[in-house]
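Okay, so here's the structure we're looking at.
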Amino acid sequence: MALGPEHPGRLRGVGAGISPRQYFNLPKPQRVSFDDRLKESLRVLLQEETKKMEAKAREEALRMEARTKQLVEAEREHFLSQLSQLIPNFDPNILKQRISQSPKNPMSSDKASCSGGDVRSLHVEDDTAKDEEKKEEKREEEKKEEKREEEKEEEKEKEDEEKRDDKVIEVGDYSNMEAPSSLKSLCRHVETTLLPEDKILEFTIDKEVFGSDRNTFLLPEDITQFAGMEEIGATVVAVYMRHLHDVLKQANMCSMVGFIDPATVSANSGTVAERSRLVAARLQKTDGEQIFMMPYNPGRHWILLIVRAKKETVYFLDPLPGHRVVDEEEKNIVNSAIKIYNTHIARSGRKNVIWKTLSGTPKQPSSVECGYYVMRFMRDIIMDPSLGFENMYAKGNQEASYPQEAIDEVRNEWADTVFQFIK
């Protein structure tokens with residue numbers, strides 16, 4: 001404060017005309033172009049992919065080695081069983097012991113068998129008595145081992161039965177919760193059919209929903225967690241997107257709105273490059289006017305991206321309150337996908353993709369409703385034939401939470417969709 005303000009362009013105590021950069025000989029800052037940064041990120045991705053492939057190859061080699069050992073052991077057992085049928089009173093354990101003790105080198109094996117034959121002929125009587133004792137001891141040990149295995153198996157079956165009973169009791173509590181009637185019926189189906197028979201719901205989401213057939217399944221806990229308003233996974237969200245596709249189909253709006261499978265693009269679903277290619281492949285199946293809804297989970301939280309490829313614009317909708325920013329990984333995935341899309345349609349495109357945050361979305365009241373809110377966002381958007389979501393969720397429009405009735409409407413539609421797969 002005593003020295004007064006600094007003046008730009010000169011250095012205190014040196015005088016005008018000499019900048020701090022010149023005086024201290026500081027390096028000139030390097031400006032890195034977007035293309036260079038993209039190349040560097042792709043190089044890193046290539047290294048990650050190479051490491052992944054190498055690990056997979058090592059795993060496959062180990063699996064093949066284990067499989068080879070199993071085949072060799074099976075052939076050996078078959079050979080010994082044939083000898084037992086041909087030779088009376090033949091004990092295969094003796095031959096097993098000889099095989100296991102034989103050296104791996106075939107040359108030394110020949111030498112050992114040559115020198116060992118004479119010695120064994122001198123002590124055949126003593127060896128026979130010892131062998132009989134060993135056989136008897138081995139038989140007793142095998143009987144004890146079989147008994148222990150049977151006891152373990154019985155204990156395991158008893159534990160499994162107790163766990164199954166526990167599951168039934170746990171699900172039974174859902175009948176008294178505040179939930180839509182169809183969801184309660186679905187929980188009763190879990191209690192009476194899925195858990196007692198240890199079943200899951202397997203089904204296929206048609207190709208027209210995500211661009212390719214999606215074979216998937218719902219676990220009993222997926223259904224009960226959804227009924228209890230707990231955290232939900234990508235399969236639960238994908239099932240509701242299948243319902244929304246049916247709604248679009250009835251309204252003849254499939255050419256206006258498409259969907260990207262959240263399970264293939266969210267965090268831990270593969271490398272950034274792999275997920276970018278999947279998004280790009282989905283964008284290519286459009287005339288350019290279609291918007292694509294892409295629920296994304298960067299880790300324990302759901303947000304919604306709306307990708308408009310022709311305008312090179314992405315809309316970001318987050319149900320969490322506060323000033324939210326786009327996750328860098330999801331940004332890289334979509335930016336790269338739009339670049340690939342531009343190359344596909346032979347368009348140079350703009351330098352940077354436009355990202356717009358639609359902050360006027362309803363905000364979740366606690367930490368677990370994000371998946372339900374994202375599903376409701378998608379429903380509200382397609383229910384407007386004009387697709388005016390940009391104005392609908394503009395800043396300050398509706399930042400209050402959804403009423404529970406609005407979320408229950410989504411949950412009821414989800415349960416009805418699941419019942420279609422059951423029937």
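Scope of the values below: all heavy atoms of this structure, side chains included, with no hydrogens, waters or symmetry mates. The residues of the chain are indexed from 1 along the displayed sequence. Computed from a predicted model, the values in this text were never measured in an experiment.
Counting heavy atoms from C-beta on, the side chains of Tyr402 and Asp380 come closer than 4.5 Å. In this structure, the side chains of Glu330 and Phe316 come closer than 4.5 Å at one or more pairs of heavy atoms. By the 4.5 Å heavy-atom criterion applied to side chains, Ile291 and Phe389 are counted as neighbours. Side-chain atoms of Val237 and Asn297, non-hydrogen and from C-beta on, never get closer than 4.5 Å to each other. By the 4.5 Å heavy-atom criterion applied to side chains, Ile200 and Asp222 are not counted as neighbours. No side-chain heavy atom of His189 sits under 4.5 Å from any side-chain heavy atom of Val418. Contact annotation: the side chain of Glu369 never approaches that of Pro319 to less than 4.5 Å [non-hydrogen atoms, C-beta and beyond]. Side-chain contact between Leu304 and Ile381 is present, with at least one heavy-atom pair separated by less than 4.5 Å.
Listed for the Arg214 side chain is no donor-acceptor partner under 3.5 Å among the backbone atoms of Asp261. Put simply, the side chain of Thr361 gets close to the backbone of Asp318: a donor and an acceptor are under 3.5 Å apart. A donor-acceptor contact shorter than 3.5 Å is absent between the side chain of Asp206 and the backbone of Glu208. Between the side chain of Thr417 and the main chain of Tyr240, no donor-acceptor pair closer than 3.5 Å is present. Checked by atom type and distance alone, the side chain of Glu312 pairs as donor or acceptor with a backbone atom of Arg350 at under 3.5 Å. Between the side chain of Trp302 and the backbone N or O of Met375, no donor-acceptor pair lies under 3.5 Å. At distances below 3.5 Å, not a single donor-acceptor pair connects side-chain atoms of Thr204 with backbone N or O atoms of Asn215. Side chain of Arg275 to backbone of Gly270: a donor-acceptor contact under 3.5 angstrom is found. In terms of modelled atom types and a separation under 3.5 Å, the side chain of Gln290 and the main chain of Cys254 share a donor-acceptor contact.
Ala263 and Ser269 make their closest contact through O-OG, 2.9 Å (heavy atoms, listed as atom of the first residue, atom of the second, distance). In terms of heavy-atom proximity, Ala234 sits nearest to Pro262 at O-CG, 3.9 Å. Heavy atoms only, all atoms of each residue included: Pro385 and Met253 are closest at CA-CE, 4.2 Å. Taking every heavy atom of both residues into account, Leu283 and Tyr341 meet most closely at O-CE1, 3.5 Å. Minimum interatomic distance between Gly299 and Ala267 (heavy atoms only, all atoms of both residues): N-CB, 4.5 Å. The nearest pair of heavy atoms linking Tyr373 to Ser401 is OH-CB, 3.4 Å.
A salt bridge links Asp408 to Arg411: one of the charged nitrogens lies within less than 4.0 Å of a carboxylate oxygen. Between Arg308 and Glu390, no side-chain nitrogen of the basic residue sits less than 4.0 Å from a carboxylate oxygen of the acidic one, so the salt-bridge criterion is not met. A salt bridge does not link Lys51 with Glu48: every distance from a Lys NZ or Arg NE/NH1/NH2 to an Asp or Glu carboxylate oxygen is 4.0 Å or more.
Taking CZ of Arg282 as the reference point, atom CZ of Phe292 lies at 4.5 Å (rounded to 0.5 Å). In this structure, Thr271 OG1 and Leu45 CG are separated by 6.0 Å, a value rounded to the nearest 0.5 Å. Distance check, rounded to the nearest 0.5 Å: CG of Leu218 to CZ of Phe203 gives 4.0 Å. Expressed to the nearest 0.5 Å, how far CD1 of Ile260 lies from CZ of Phe210 amounts to 10.0 Å. Taking CD1 of Ile338 as the reference point, atom CD1 of Ile333 lies at 12.5 Å (rounded to 0.5 Å). Residue Asn342 holds its CG atom at 7.5 Å from OG of Ser348, rounded to the nearest 0.5 Å.
No side-chain N or O of His243 forms a donor-acceptor pair with one of Asp416 less than 3.5 Å apart. Side chains of Lys39 and Ser41: no donor on one and acceptor on the other come within 3.5 Å.
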Apply side-chain contact (heavy atoms from CB on, under 4.5 Å) to Val247 and Met383, showing your working.
CA-CA 9 Å; Val247 175; Met383 287 301 176; 4.0 Å; yes

Please determine whether ring-ring contact (aromatic ring centres under 6.0 Å, His included) holds for the pair Tyr393 and Phe377, giving the CA-CA distance in whole Å, both sets of side-chain angles, and the decisive distance to 0.1 Å.
CA-CA 10 Å; Tyr393 297 125; Phe377 291 166; 5.7 Å; yes

Applying side-chain contact (heavy atoms from CB on, under 4.5 Å), run through Phe421 and Thr216 and close with a yes or a no.
CA-CA 11 Å; Phe421 294 122; Thr216 190; over 6 Å; no

One pair to check against side-chain contact (heavy atoms from CB on, under 4.5 Å): Glu40 and Arg43. What are the steps and the verdict?
CA-CA 5 Å; Glu40 177 62 20; Arg43 184 185 66 79; 2.4 Å; yes

Starting from the C-alpha separation in whole Å, work towards a yes-or-no answer on side-chain contact (heavy atoms from CB on, under 4.5 Å) for Tyr296 and Asp327.
CA-CA 10 Å; Tyr296 182 85; Asp327 178 78; 4.1 Å; yes

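Other residues, nucleotides and ligands contribute only 12 or fewer heavy atoms inside 6.0 Å of the CE atom of Met64.
Of the listed residues (Lys249, Arg242, Gln250), just one forms a side chain to side chain donor-acceptor pair (under 3.5 Å) with Asp246, and that residue is Arg242.
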